[in-house]
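Right, one structure below, let's go through it.
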Amino acid sequence: MDSLLLILMLIAVLGVGSQWVAWKFQLPAIVVMSIAGLLAGPIFGLMNPEEAFGDLYRPLISIAVAIILFEGSLNLNFKEVRGLGKPVFRIVTWGAFLAWILGSLTAHYVAGLSLAVSFVIGGIFIVTGPTVILPLLRQSKLKPTPAKILKWEGIVVDPFGALLALFAFEIILFLSADGRDATALLFFFLASIFAVVLGIVFGKVSGWMFESGHLPEFLKSPAVFAAVTACFIIADEVKHETGLLAVTAMGMTLANLGISSIKDMRHFKENISILLVSTVFILLTASLTRDTLIDVFRPEIIGYVLLMLFIVRPLSIFLSTINSGLSLREKTLVGWIAPRGIVALTVASYFATILADEGFEGASLVTPLTFALVFSTVVVHGFSIGWLAKKLDLSSEGSPGVLIVGSNRFTNSIAKVMKELEIPTVVVDSSWDRLNRARKEGVQHNHCEILSEQTEYTMDFTPYDYLLAATEYDSYNALVCSTFLPEFGRKNVFRLPKQSHSGDHIVDIDHTIGGKEVFVPAEGIEELKYKLKSGYVLRKTTLTDKYSFEDYKNDRDDETILLFILKQSKQIEFFTEDMDSTSSAGDTIVSMTPPSKEFNKIQEKLEEKRNEKS
């Protein structure tokens, strides 16, 4: 395939297609992308991106990695690690140092590399990175403590791995008999400090421009792209590989400034990051040669990978987290999960070239060794993280949960029924008065303003797959749905129907703002509350082979309001106007049914007595 346009098309299709296949079949996305790149590149020879892009290949990948790392560092708000500061600090310092030393010695004595080359790649291999960790965390639904530790380690250690490799290389050149003095080492440290300061300055200036109104909304995203690119290139021109440190510092600075537009920026950057991760992984794996793939199966390389998986990583985590407050189960999970990704591949390819140019023994093995470790860890950890988390009781997986916004008679009633059906449910509201009823009825609740940025640090959203906005304000419900579309997905965000008497006049809300309308026969929350007050009850009906969904629909009262179906698979289907349900035996239908005739007679008599007294 000679045409550059065709190669670009194939890269985009394979990258995005791999993400879709991973989502559809619940597979680790990085694994699917790696296989797709290998099939298109060295195996079937459909393309070789490195040859096709020529001199642009490495700069494009470097900038893409910088943007990915910046996007990841936008999630590093210090509020998130309150109570976890000690283990996180230990892992990104002592843990990284131990991993470097142990990994370097393993590369020398097992893989047969020279000490010089071993200490360079030992620094590279301490990285995990957001490109591999964040997709795994999205899929595995870990509990907050291990998830936060793995995320912080992956993002913070990423640039330090590249710097550690560069530091080792400078030390090697200094100790070698080539007449170098300590000036190069001093310059390395000064360049690293300069990169951090540069990132902080870029972050503060960007934040100030956003908040002071010096940038219009439509220019914010382009301006961030330009600033990240400039920050990375300026630092990298001063000293190669320090650009990663600069963009990480910039992202962390923005994340902790508390600016109001950071959430929108994060959503946009995440979408771009997913596209970049998809394409860059395809680029890197498709550019490998068949000789590199053959070298991967050398006994010394296989032995090195096994020791890195089962000895070096667990040992470095266990030693660095002694008396850190982590449980044995948490140490076991964190000590096992360490997939390497894009940064390891790109930095290793850079050092493979310069080590070979300097004549160091074993430099030719750096690329196959790196790919062997990257591919092995991505596959093994990608497929094992969910299983191990469940075994260690560190997974939030189970029945998909429901996050209900707004506490009132109706939402508390539906939350109680969900609790009886063992569906994880929480009712959130900003008013203690409204939550008082939920507290009295034993409904799990959370006092917070759901639209506040602070909420994402004080509340764990992991157990909840669906969102139901059910407050008294139609416009607020629509805003909540629109805000949480990126987190929950368009198919899993619902809101109550508009109230005919509401003062919120929203035109064509169904077509312009996310969130499907549910329980459509009812006219909003006030009618639902009134029906409950007048005797309506929530009922659960389980379908059988002899009593189908069609039978249920034929038997139900015309005034019955269908709420949702709990499938045998534990999935939830809320009733909407366009719902096309395929319910089967074992599914449970929850509905709000009118009071019985006997109840109506009692109500009529009570009403007559009230009238007589009046």
Side-chain angles (χ1 to χ4, degrees), residues 402 404-421 423 425 427-429 431 433-438 440-443 445 466-478 480-481 494-504 509-510 515-542 549 552-566 572-577 579 581 588-611:
V402 181
I404 302 176
V405 182
S407 177
N408 49 63
R409 183 189 292 269
F410 172 73
T411 56
N412 294 330
S413 298
I414 198 172
K416 284 176 66 177
V417 172
M418 288 179 173
K419 183 180 179 181
E420 293 169 3
L421 293 171
I423 300 171
T425 309
V427 175
V428 301
D429 203 302
S431 167
D433 289 338
R434 288 194 293 267
L435 284 174
N436 191 43
R437 177 186 290 271
K440 288 179 179 179
E441 296 183 5
V443 172
H445 57 279
Y466 306 94
L467 181 142
L468 172 62
T471 72
E472 288 79 3
Y473 305 101
D474 296 332
S475 55
Y476 184 80
N477 293 339
V480 168
C481 290
F494 304 93
R495 56 183 167 79
L496 294 186
K498 300 186 296 294
Q499 302 173 86
S500 58
H501 61 279
S502 171
D504 294 336
I509 188 173
D510 301 300
K516 293 183 177 181
E517 282 193 351
V518 287
F519 326 142
V520 173
E523 294 185 359
I525 188 63
E526 293 300 333
E527 182 183 348
L528 290 168
K529 290 194 298 183
Y530 173 77
K531 287 182 181 296
L532 284 174
K533 191 175 181 179
S534 61
Y536 274 65
V537 293
L538 270 63
R539 298 189 187 277
K540 304 185 291 289
T541 306
T542 301
F549 185 48
Y552 173 80
K553 288 193 292 184
N554 293 331
D555 292 345
R556 71 186 176 95
D557 191 292
D558 290 339
E559 295 184 16
T560 295
I561 299 174
L562 300 177
L563 301 179
F564 65 89
I565 301 176
L566 177 62
I572 300 171
E573 286 188 10
F574 286 95
F575 280 96
T576 61
E577 272 191 316
M579 178 181 176
S581 179
T588 299
I589 300 174
V590 177
S591 60
M592 194 163 76
T593 62
S596 62
K597 293 180 180 178
E598 290 76 12
F599 181 87
N600 286 333
K601 290 178 181 178
I602 295 172
Q603 290 291 96
E604 288 174 4
K605 289 181 179 179
L606 290 173
E607 189 66 28
E608 287 175 4
K609 288 183 179 180
R610 289 194 195 98
N611 293 333

### Message
Going by the rule side chain to side chain donor-acceptor pair (under 3.5 Å), which residues pair with Ser431 if we only count those two or more places apart in sequence or in a different chain?
### Response
none
### Query
Just by distance, do the side chain of Tyr476 and the backbone of Thr471 share a donor-acceptor pair under 3.5 Å?
no
### Shortest non-hydrogen contact from Phe575 toward Phe564
CD1-N, 3.4 Å
### Task
With the side chain counted from C-beta on, respond yes when Tyr530 and Tyr536 share a heavy-atom pair under 4.5 Å apart, and no when they do not.
no
## Note on the structure
Output for pair (Ile565 CD1, Thr588 OG1), nearest 0.5 Å, gives 9.5 Å
#### Entry: Qualifying residues under ring pair (Phe, Tyr, Trp, His ring centres under 6.0 Å), relative to Tyr552, sequence neighbours excluded
none
### Message
Within the 4.5 Å heavy-atom criterion, are Asn477 and Val480 side-chain neighbours or not?
### Response
no
### Query
Do Val417 and Leu563 have side chains that get closer than 4.5 Å, going by heavy atoms?
no
### Summary
By salt bridge (Lys or Arg N to Asp or Glu O under 4.0 Å), Lys529 pairs with (sequence neighbours left out) Glu472, Glu526
#### Entry: All side chain to side chain donor-acceptor pair (under 3.5 Å) counterparts of Lys540, not counting sequence neighbours
Glu420
### Query
Considering residues at least two apart in sequence or located in another chain, which fulfil the side chain to side chain donor-acceptor pair (under 3.5 Å) criterion with Lys553?
Glu550
### Query
So how far is it from Leu566 CG to Thr542 OG1, rounded to the nearest 0.5 Å?
9.0 Å
### Message
How long is the straight-line distance from NZ of Lys416 back to CG of Leu421, given to the nearest 0.5 Å?
### Response
13.0 Å
### Task
Mind listing the closest non-hydrogen atom pair of Asn408 and Ala470 along with its distance?
ND2-O, 3.1 Å
#### Entry: side chain to side chain contact (heavy atoms under 4.5 Å, CB included) partners for Ala415, two or more places apart
Ile404, Thr425, Val427, Val443
### Query
Are side-chain heavy atoms of Ile561 and Lys531 found at a separation under 4.5 Å?
yes
### Query
Do the non-hydrogen side-chain atoms of Val518 and Leu496 ever get within less than 4.5 Å of each other?
yes
### Task
Please name the pair of heavy atoms, one in Arg434 and one in Asp429, separated by the smallest distance, quoted to 0.1 Å.
NH2-OD1, 2.9 Å
### Query
Between CD1 of Ile589 and CZ of Phe549, what distance do you get to the nearest 0.5 Å?
4.5 Å
### Task
Give, for atom CZ of Phe519 and atom CD1 of Ile525, the distance between the pair rounded to the nearest 0.5 Å.
9.0 Å
### Message
Between Tyr466 and Ile423, is there a side-chain heavy-atom distance shorter than 4.5 Å?
### Response
no
### Summary
Checking Ile414, Thr560, Leu562, Leu528 against Met592 for side-chain contact (heavy atoms from CB on, under 4.5 Å), the one that qualifies is Leu528
### Query
Do Lys516 and Arg495 have side-chain heavy atoms sitting under 4.5 Å apart?
no
### Task
May I ask you to decide if the ring planes of Phe574 and Phe494 are parallel, tilted or perpendicular, using 30° and 60° as cut-offs?
tilted
### Summary
Nearest heavy-atom approach of Ala438 to His445 is CB-CB, 4.3 Å
### Query
Measuring from Glu441:CD to Asn412:CG, what's the distance to the nearest 0.5 Å?
5.0 Å
### Query
Mind checking what makes side chain to side chain donor-acceptor pair (under 3.5 Å) contact with Thr541, not counting sequence neighbours?
none
